[in-house]
Amino acid sequence: MPDIKYCSKCGTQLDASAAFCTQCGTPTVAPTFTYTNNPSSAAYNSDKNRIAAGVLAIVLGGIGVHKFYLNQIGLGIVYVLFCWTGIPSIIGLIEGIIYLTSTDEVFFAKYVR
Ligand SMILES: [Zn+2]
C-alpha cells in the first residue's frame with residue numbers, strides 16, 4: 001500500500017494520514033451523503049433522535065408532530081391542515097418506518113435541519 005491518496009474532489013496527491021485536502025479542504029473520507037451546506041458533523045451535534053422521530057411519525061404522524069420535531073414547521077402545518085383526510089397518517093406511518101430503518105447517517109443527512 002502506498003502512503004499516499006488522492007483528493008476525491010480536486011485530485012491533489014495527499015499524505016495517507018491527511019484528514020483534509022490541502023488544496024480545497026475537502027475531507028478525504030467524505031461520506032457520499034455529506035452536503036456542503038449541511039455538514040453531517042453539525043447534524044450529529046443535533047439533539048434530534050432518529051428513533052423518537054420515527055415513533056412520533058407512526059403514532060402522531062397524522063398531525064405532523066414528527067415534522068414539527070424535525071423543525072420542518074411548514075410541512076408540519078400542511079400535515080395539520082390535511083389531517084382530516086387521513087392521508088398524513090399514512091405518509092407519517094411510511095416516514096416513521098423509513099426513519100426507523102435508516103441509518104443515523106442517512107437520517108441526519110436527509111431529515112434533520
Ligand atoms: Zn482537493
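With hydrophobic clusters built from ILVMFWY side chains whose heavy atoms lie under 4.5 angstrom apart, Leu93 does not share a cluster with Leu75. One hydrophobic cluster holds both Phe82 and Val80 under the rule that ILVMFWY side chains link at heavy-atom gaps under 4.5 Å. Residues Ile87 and Ile77 do not share a hydrophobic cluster, defined by chaining ILVMFWY side chains whose heavy atoms lie under 4.5 Å apart. Tracing side-chain contacts under 4.5 Å through hydrophobic residues (I, L, V, M, F, W, Y), one reaches Tyr111 starting from Tyr69; they form part of the same cluster. A continuous path of ILVMFWY side-chain contacts below 4.5 Å connects Leu60 to Ile58, so both sit in one hydrophobic cluster.
For the pair Lys48 and Phe108, the cation does not sit on the ring face, since its NZ or CZ is not both under 6.0 Å from the ring centre and inside 45° of the axis.
For the residue pair Phe107 and Val112, the shortest heavy atom distance occurs at CE2-CG2, 3.5 Å. Closest approach of Cys21 and Leu14 over heavy atoms only: CA-CD1, 3.7 Å. Considering all non-hydrogen atoms of both residues, Leu70 and Ala53 come closest at CD2-CB, 4.2 Å. When all heavy atoms of Gly62 and Ser89 are compared, the closest pair comes out as CA-OG, 3.4 Å.
Counting heavy-atom neighbours within 6.0 Å of Phe68 CZ, excluding the residue itself, gives a total above 12.
Residues Leu56 and Tyr99 are not in side-chain contact: their nearest non-hydrogen atoms beyond the backbone lie 4.5 Å or more apart. Looking at Leu100 and Ile51, their side chains come closer than 4.5 Å, going by heavy atoms from C-beta outward.
No donor-acceptor pair under 3.5 Å is formed between the side chain of Gln23 and the backbone N or O of Lys9. One N or O on the side chain of Lys5 and one on the backbone of Ala16 form a donor-acceptor pair closer than 3.5 Å.
Taken to the nearest 0.5 Å, the OG1 atom of Thr101 stands 8.0 Å off from the CZ atom of Arg50. Once rounded to the nearest 0.5 Å, the distance linking OG1 of Thr85 with CD1 of Ile90 reads 8.0 Å.
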